[in-house]
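The structure appears right after this line, and notes come after that.
Counting from 1, the numbers follow the sequence of the chain as shown.
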Amino acid sequence: MFEYNFSVRGYELDSYGHVNHAVYLNYLEQARWELFRNLGLLGYFHENDLLLVVIDVHMRYSREISLFDEVIVRTGITSEPPYLVFHHKMYLKGSNLKICSATIKTLFTDKGKLVRDIPKSITDKLIT
């Protein structure tokens, strides 16, 4: 399980004073970028001309979040060839209050947009 922490910023709020639903996708994408960076995989993607493409998103919103809320995203990953699937759960930090959950299905492609198998070196680092 991988964790990413952040604070809600003012420019992410909508006219109701809470985070707009679409911003949650940005949070989850940043959690994935941080996961890849922390595991040293960004260079591997670049060196092997691999792109990770989101092809399916399922989200369930449980509660709103507001300015300066401290949030934690917990991410588990499964390999369902040819898909790499991210299972995100977002919580208010320091509590068990779930904000949302999401399943994000991805595919690896090359720069020519051809689908590639999930490299074993990726699954060895990501699948725990």
Side-chain angles (χ1 to χ4, degrees):
M1 183 74 57
F2 302 92
E3 294 189 353
Y4 167 64
N5 296 278
F6 67 93
S7 296
V8 173
R9 298 164 290 242
Y11 62 83
E12 298 166 330
L13 305 180
D14 62 17
S15 58
Y16 295 104
H18 60 261
V19 174
N20 181 277
H21 69 281
V23 175
Y24 288 62
L25 290 171
N26 293 331
Y27 294 152
L28 299 179
E29 180 152 353
Q30 187 61 34
R32 291 191 301 278
W33 279 106
E34 293 294 334
L35 183 156
F36 298 141
R37 180 173 71 160
N38 290 338
L39 293 175
L41 291 172
L42 292 176
Y44 180 87
F45 291 171
H46 180 71
E47 292 162 10
N48 292 280
D49 290 327
L50 289 174
L51 303 169
L52 191 63
V53 179
V54 172
I55 63 157
D56 191 44
V57 175
H58 292 276
M59 285 196 70
R60 173 81 176 165
Y61 300 94
S62 302
R63 64 182 309 111
E64 63 185 40
I65 49 177
S66 301
L67 185 62
F68 303 127
D69 279 347
E70 297 288 325
V71 178
I72 185 165
V73 177
R74 294 187 177 117
T75 303
I77 304 163
T78 57
S79 176
E80 301 171 16
Y83 308 109
L84 193 60
V85 183
F86 294 82
H87 306 276
H88 298 289
K89 291 189 178 169
M90 192 180 302
Y91 296 92
L92 280 175
K93 193 170 182 179
S95 76
N96 274 337
L97 297 175
K98 190 185 326 180
I99 297 165
C100 75
S101 58
T103 302
I104 313 269
K105 190 179 280 191
T106 64
L107 274 174
F108 279 100
T109 69
D110 61 21
K111 291 190 178 181
K113 299 183 181 175
L114 295 174
V115 174
R116 297 294 179 205
D117 290 334
I118 303 167
K120 183 175 179 345
S121 56
I122 298 288
T123 56
D124 287 348
K125 284 193 172 190
L126 291 179
I127 310 301
T128 56

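- If you check the side chains of Tyr27 and Glu12, you find a donor sitting under 3.5 Å from an acceptor.
- Contact record, Leu41 with Lys125: CD2-CD, 3.7 Å, taken as the closest heavy-atom pair.
- Within 6.0 Å of atom CZ in Arg37, 12 or fewer heavy atoms from other residues, nucleotides or ligands are found, so the atom counts as exposed in its surroundings.
- With rounding to the nearest 0.5 Å, the separation of CG in Asn20 from CD in Glu64 is 12.0 Å.
- Between Thr78 and Tyr83 there is no side-chain heavy-atom pair separated by less than 4.5 Å.
- Both Phe86 and Val57 are members of a single hydrophobic cluster when ILVMFWY side chains are connected at heavy-atom separations under 4.5 Å.
- Judged purely by atom type and a 3.5 angstrom limit, Lys93 has no side-chain atom pairing as donor or acceptor with the backbone of Asn5.
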Show me the donor-acceptor pairs, under 3.5 Å and distance only, between side chains in residues 98-109 and residues at least two apart or in other chains.
unit_1: Thr106; atom_1: OG1; unit_2: Leu84; atom_2: O; d: 2.6

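- In this structure, CG in Leu35 is found 11.5 Å from CD in Glu3, a value given to the nearest 0.5 Å.
- Cluster partners of Tyr91, by chain and number: Ile72. The rule joins Ile, Leu, Val, Met, Phe, Trp and Tyr whenever side-chain heavy atoms lie under 4.5 Å apart.
- Here the closest heavy-atom approach between residue Ser66 and residue Gly17 is recorded as OG-O, 3.8 Å.
- Cluster annotation: Leu42 and Val54 are assigned to the same hydrophobic cluster (Ile/Leu/Val/Met/Phe/Trp/Tyr, side-chain heavy-atom contacts under 4.5 Å, transitive).
- Between Tyr4 and Phe2, the distance separating the two ring centers is not shorter than 6.0 angstrom.
- Linking ILVMFWY residues whenever their side-chain heavy atoms come closer than 4.5 Å, directly or via other members, places Tyr44 and Leu39 in the same cluster.
- Of all heavy-atom pairs spanning Leu50 and Pro119, the tightest one is CD1-CG, 3.7 Å.
- Side-chain atoms of His88 and Thr75 form a donor-acceptor pair, as typed in the model, at a separation below 3.5 Å.
- In plain terms, the two heavy atoms of Leu97 and Ser95 that are nearest each other are N-OG, 3.1 Å.
- Counting heavy atoms of neighbouring residues, nucleotides and ligands inside a 6.0 Å radius, atom NE2 of His21 does not exceed 12 of them.
- Under the 4.5 Å side-chain contact rule for hydrophobic residues, Met90 and Trp33 share a cluster.
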### Query
Going through the distances and angles, do Val73 and Gln30 end up as a side chain to side chain contact (heavy atoms under 4.5 Å, CB included)?
CA-CA 10 Å; Val73 177; Gln30 187 61 34; over 6 Å; no

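- Residue Asp124 qualifies as enclosed at atom CG: its count of foreign heavy atoms under 6.0 Å is above 12.
- Side-chain atoms of Asn48 and Arg116, non-hydrogen and from C-beta on, never get closer than 4.5 Å to each other.
- The structure places CD1 of Ile122 at 12.5 Å from CG of Asp117, a figure rounded to the nearest 0.5 Å.
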Exercise for the section: Verify side chain to side chain contact (heavy atoms under 4.5 Å, CB included) between Glu29 and Leu25, making sure each step is shown before the conclusion. Expected result: CA-CA 6 Å; Glu29 180 152 353; Leu25 290 171; over 6 Å; no

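- One distance of note links CZ of Phe45 with CZ of Phe36; it measures 4.5 Å at 0.5 Å rounding.
- Within the 4.5 Å cutoff, the side chain of Asp69 has no heavy atoms near those of the Val19 side chain.
- Closest non-hydrogen pair, Ile127 versus Ser79, comes out as CD1-N, 3.8 Å.
- Residues Ile118 and Val53 do not share a hydrophobic cluster, defined by chaining ILVMFWY side chains whose heavy atoms lie under 4.5 Å apart.
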Run the side chain to side chain contact (heavy atoms under 4.5 Å, CB included) test on Val23 and Val8 for me, step by step, so that the C-alpha distance in whole Å, both residues' side-chain angles and the decisive distance to 0.1 Å come before the verdict.
CA-CA 10 Å; Val23 175; Val8 173; over 6 Å; no

